[in-house]
2 protein chains.
Amino acid sequence: MVERQSGVALWRQIADRMRLAINNGDFDETGMMPPEMTLAARFGVNRHTVRSAMAALAEEGIVRPIQGIGTRIERRDRLRFPISKRTRFSQGLGNQARDIENTMLEAATEVAPSIVAEALGLPIGTLCVRMETVNSADKRPISCATHYFPADRFGKIGGVFEQTRSVTAAFQALGVSDYVRRSTEISAIHAEGEVIRHLKLSPGAIILVATAINTDLAGTPIQFSRTRFAADRVKLTVEPEA
Amino acid sequence: MVERQSGVALWRQIADRMRLAINNGDFDETGMMPPEMTLAARFGVNRHTVRSAMAALAEEGIVRPIQGIGTRIERRDRLRFPISKRTRFSQGLGNQARDIENTMLEAATEVAPSIVAEALGLPIGTLCVRMETVNSADKRPISCATHYFPADRFGKIGGVFEQTRSVTAAFQALGVSDYVRRSTEISAIHAEGEVIRHLKLSPGAIILVATAINTDLAGTPIQFSRTRFAADRVKLTVEPEA
DNA sequence: TCCAAATGTCTATTAATCTAGACAACCGAA
DNA sequence: TTCGGTTGTCTAGATTAATAGACATTTGGA
């Protein structure tokens, strides 16, 4: 059921599980959460503890309590984000959202960190453009990403991206008509720091981290990116064929 | 830094971050953790709080404190688990571990849950074999999985698996010489219940959930599986080509 | 041998979390 | 209108988590 003395407060465990159940469509028949007393009994905790969990979900806009009636489910969705040989952010979400927005927070030319240099096959000390973006669907932040591009070929990509609002379009404007994904690594950690603010997460939420390398059609690495997804808003889908 | 009143205890946040840093090789030069007082200052907490985090890591066997000396790092590893068109558990880990073991906990023939029936393209009410396995590398549990197979073709797969200790080998024994992955979905949740025991996790740890469908070469779905990975022990690697 | 630096243990206090119970406020239906 | 079921609010107490400080113990090196 719920685990005590785990370092994770009961209300947070319960909030996580209810969010999951809602996204899973468990209460779709009624569109309402079970009564607080029922949930308290089900999880083996006090009603007040359930209320704390509910308050967290209400804060996220997932449920809305109505006195005298019950607690209504306002939103249940977890976007499907496909990862494939031709992963593109906006295209990937396709028609799952009407309004997809990529915002650039920052672009700077810096010496490439050693991990990035290695990934892109550059000598230590090479300059790279680092670009920070936040990606939203229907005004809801889905992920934030840090991208690195070799500065010699893509020194101006920051400015171009601000025009095009798309990495794919920026690449095209800079002469890269197409590109493919060489590798993607996925791990999961607790959200912290800046990411919490950018993704409007409640602290302690889980984020999926996807670290990827893209190459041009000649096989030359042109992009290293680390994308942090709010785990309760997406599921990553691995597409086997190109 | 660390987030207060997030429903996640400070010692757990710190333990999570230190585990990540260790796996990231941050302290490889000395092989020792920084002194407790240094960490306390770095995280902005009391020394005792750092000690609680350390105790959790020591419990997991990741560090070992030595009075008068410091805290030694005992183990730093996160296996790379590739996900591709031909994902195979044991092969995938390859030479990252000497001893890879698949244990079957249970096999039962049941009516397929609706999600499984849909995924495998079976009529509602069809019988399936459900099989629970735990997968370990070098005696350390890495993942536990629930597999479903259509009962008409694979009714005996439980017994065969116990002999072969491999899904791939069991398939071959039952006439499926090769199979490919149709789809993989990845999400992340907090560990709870049975999974904590099977994977020997500290409660509250993060698990990566990979839900996959495999088909035979004719394209007929033959396996639905949900694999739960201990997030601090693996990183999933998405391979773009077959 | 002595000292500096590190972990180990203890007490005490404060803050956060969880439990328990009572009752108010609100809604829909009988 | 009344009543059962629901959420909202309050008080009080128990348990867990975090802070603070003191001092013991162990180790390696000066």
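These numbers come from a predicted model, not from an experiment. Here is how names work: the chains are called A, B, and so on, in the same order as the sequence lines, proteins then strands, and each is numbered from 1.
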Report all interatomic pairs (protein N or O, nucleotide N or O of nucleotides 1-3 of chain C) with separations under 3.5 Å.
none

Apply salt bridge (charged side-chain N to carboxylate O under 4.0 Å, His left out) to [X] and list each qualifying residue two or more places apart in sequence or on a separate chain.
X	value
Arg72(A)	none
Glu162(B)	none
Arg165(B)	none

Rounded distance in Å - [atom1] ([X]) to [atom2] ([N]):
X	N	atom1	atom2	answer
Asn46(A)	dC18(C)	CG	P	10 Å
Gln13(B)	dA16(C)	CD	C1'	14 Å
Arg12(B)	dT16(D)	CZ	C1'	15 Å
Met32(B)	dT7(C)	CE	C1'	10 Å
Arg64(B)	dA6(C)	CZ	P	18 Å
Arg72(B)	dG28(D)	CZ	C1'	14 Å

Partners passing ring pair (Phe, Tyr, Trp, His ring centres under 6.0 Å) against Phe229(A) (at least two apart in sequence or in another chain) | Phe81(A)

Under the side-chain hydrogen bond (donor to acceptor under 3.5 Å, both in side chains) test, which residues partner Arg47(A), sequence neighbours left out?
-> Glu36(A)

If a protein heavy atom is under 4.0 Å from the base, mark B; if only from the sugar-phosphate, S; if neither, -; do that for nucleotides 3-15 of chain D going 5' to 3'.
-> --BBBBBB-----

Inter- and intrachain pairs under salt bridge (Lys or Arg N to Asp or Glu O under 4.0 Å), touching residues 126-135 of chain B, at least two apart | Glu106(B)-Arg130(B), Glu110(B)-Arg130(B), Arg130(B)-Glu132(B)

Give every residue pair that meets the salt bridge (Lys or Arg N to Asp or Glu O under 4.0 Å) criterion with at least one member in residues 112-127 of chain B, sequence neighbours excluded.
-> none

Side chains of Thr184(A) and Thr87(A) in contact at under 4.5 Å (non-hydrogen atoms) = no

Flag side-chain contact, heavy atom, 4.5 Å: Ile186(B) against Val238(A) | yes

Bend angle of the helix from dT1(C)-dA30(D) to dA30(C)-dT1(D), from helix axes over five pairs at each end, nearest 10° | 10°

List for me each residue that meets side chain to side chain contact (heavy atoms under 4.5 Å, CB included) alongside Ala231(B), sequence neighbours excluded, and say none if there are none.
-> Ala188(A), Ile206(B), Leu208(B)

Could you tell me whether the phosphate oxygens of dT19(D), OP1 or OP2, come under 4.0 Å of any side-chain nitrogen or oxygen in Thr49(B)?
-> yes

Could you pull out all donor-acceptor pairs under 3.5 Å where a side-chain atom in residues 57-66 of chain B meets a protein atom, sequence neighbours excluded?
unit_1   : atom_1 : unit_2    : atom_2 : d
Glu60(B) : OE1    : Arg19(B)  : NE     : 3.1
Glu60(B) : OE2    : Arg19(B)  : NH2    : 2.8
Glu60(B) : OE2    : Ser202(B) : OG     : 3.4

